[in-house]
There are 2 protein chains.
Amino acid sequence: MEFQKRVVLIEDDRELRDCYKLMIKSVDKYLFINAYDSCEEAFANISKDRPEIILMDIQLSGKISGIEGTKYIKLKHPHIEVVIITVYDDSELVFEALRAGASGYLTKSYNYLELVNSLDELTKGGAPMSAKIARMVINNFHSNPNSPLSEREKDVLKLIAEGKSYSQIADLLFISKETSKTHIKNIYSKLQVNSKSEAIELAKSKRYI
Amino acid sequence: MEFQKRVVLIEDDRELRDCYKLMIKSVDKYLFINAYDSCEEAFANISKDRPEIILMDIQLSGKISGIEGTKYIKLKHPHIEVVIITVYDDSELVFEALRAGASGYLTKSYNYLELVNSLDELTKGGAPMSAKIARMVINNFHSNPNSPLSEREKDVLKLIAEGKSYSQIADLLFISKETSKTHIKNIYSKLQVNSKSEAIELAKSKRYI
DNA sequence: TTGTTATACCGCAAAATGGGGGATATGATC
DNA sequence: GATCATATCCCCCATTTTGCGGTATAACAA
């Protein structure tokens, strides 16, 4: 049937693989094409399988990790939606997977409804995420409301972080070069640092900007 | 009842206000405290109301916008969870709201289940988002797989964007200063620019890094 | 009244930058 | 086997930037 979404699964745990397979097969909207236990195998068959959605485990026994695999897929077949399924919710791993091009990130569960809802979310243009992941992703945006920097100083520091020089900042903010230098001196003194890189590092780690 | 979450609504459309009020009142888990049509009024009563969740419209008739209001709340009462409810899904507005400290972002709907599910998501530590918003947020992470830069060059450019000097980059990557200069020269030539700021600007706008 | 913010100026020595040149070694790709 | 991309390293040089030391004014808030 043409309206069905073609789904491929990459997961090296046999039990989980069978479980997901059953869940997907039971829904009309999705057409379960194949399951592989490594990216290598999946990629060898990708032209034949023509998946629209790939469910990808992140820790795989093969040479290619789920993150590397995601990068490869988005490079060669950008229209394919990759959803990560994993037990790991380490923040760096999550953000790496998203940077690699994943369209969703689910922490493993045998819950039937959760998986099907996630596929539905994806199909209607969403980005399925488990609750904890969603919070991590949102928190990534939050800036610290207790920044010691004034609004103007934040403006200046943001431009510093974009690689602008004092003179460029002056031009962009319609102030003199000396004023941008003064702002930067004040920023350094507030943050107790004495170079651009330290200021950027501290401000980013504490989310002052 | 102590287990109930205290909810305050800030919304200046009377019809929507009544609608949300009814929805929230109908669920045992949530205690509808009050509805206001401006941040000013809500803030005047915040110590009395002691809300744990604030549902906030983004375009308000008062002087304080929903985004300003969110900033204020997260500054003075960081434990309060703010969820934005709005008709607008302009990407800059969404990201501004999230940077301001919002824990969720819902595009308005009179759908009962959607609202209650969202509050439940929030309560269990998630970040409720409408499908389209979730995708916008995730897309914000995606890096361009067609970057002309090599992995090493990306490493170098990322450090440039952190304000590091050639010598600092050399130390961090365990290469000589001359090598970092060579990488940067190659980056400039690939991106057709000739300064740090141009390289950062172009690379960020095209998501090369 | 004191403090913060935003603006502006001067001088100076050290550091960084951007451009020019050239070099070697390792892979992959053709 | 030739070519290309990548990653590493070196030299020179003029110009700009940076960081630090000052000082100063005007607005506004606590």
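- Side-chain contact check for B:Asp49 and B:Tyr36: at least one donor-acceptor pair (N or O, by modelled atom type) lies under 3.5 Å.
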Let me see the working for A:Ser197 and B:Glu162 under side-chain hydrogen bond (donor to acceptor under 3.5 Å, both in side chains), right down to the final yes or no.
CA-CA 6 Å; A:Ser197 55; B:Glu162 284 166 24; over 6 Å; no

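- With rounding to whole Å, B:Lys181 atom NZ is found 11 Å from C:dA16 atom P.
- Shown here for A:Leu202 and A:Leu191, the closest heavy-atom pair between the two residues is CD2-O, 3.4 Å.
- At whole-Å resolution of the value, CD in A:Glu178 and C1' in C:dA6 are 15 Å apart.
- A donor and an acceptor atom, one from each side chain of B:Glu198 and B:Ser195, are located under 3.5 Å apart.
- Taken to the nearest 0.5 Å, the OH atom of A:Tyr105 stands 12.5 Å off from the CE atom of A:Met129.
- Side-chain contact check for A:Thr107 and A:Tyr88: no donor-acceptor pair (N or O, by modelled atom type) lies under 3.5 Å.
- Taken to the nearest 0.5 Å, the NZ atom of A:Lys21 stands 14.0 Å off from the CE atom of A:Met23.
- Contact between A:Ser147 and A:Lys154 at its shortest, heavy atoms only, is OG-CE, 3.7 Å.
- Note that CG of B:Leu55 is 9.5 Å distant from CD of B:Glu11, once rounded to the nearest 0.5 Å.
- Between B:Ile184 atom CD1 and C:dA16 atom P the separation is 12 Å, expressed in whole Å.
- Contacts between residues 149-159 of chain B and DNA chain C, counted as heavy-atom distances below 4.0 Å, involve no residue at all.
- Between B:Asn186 atom CG and C:dG20 atom C1' there is a gap of 14 Å when expressed in whole angstrom units.
- When the P atom of C:dT4 is taken as reference, atom NE2 of A:His183 falls 16 Å away, rounded to whole Å.
- The B:Lys185 side chain lies nearest to C:dG20 when the options are D:dC9, C:dT7, C:dG20.
- Taking 4.0 angstrom as the limit, A:Tyr188 places a side-chain polar atom (N or O) nearer than this to OP1 or OP2 of D:dG19.
- Non-hydrogen atoms lying under 4.0 Å from DNA chain D are contributed by nothing in residues 160-172 of chain B.
- Side-chain nitrogen and oxygen atoms of A:Thr179 include at least one within less than 4.0 Å of the OP1 or OP2 phosphate oxygen of C:dA8.
- Remark: the B:Asp120 side chain and the B:Tyr30 side chain contain an N/O donor-acceptor pair separated by less than 3.5 Å.
- Comparing B:Lys177 and A:Lys177, the nucleotide of DNA chain D nearest to each residue sits closer to the 5' end for B:Lys177.
- At a non-hydrogen distance threshold of 4.0 Å, A:Asn194, A:Ser195, A:Lys196 from residues 190-209 of chain A come into contact with DNA chain D.
- Taking for each of B:Ser176 and B:Pro148 the nucleotide of DNA chain D with the nearest heavy atom, the 5'-most of the two is the partner of B:Pro148.
- The distance from atom NZ of A:Lys71 to atom OG of A:Ser65, rounded to the nearest 0.5 Å, is 8.0 Å.
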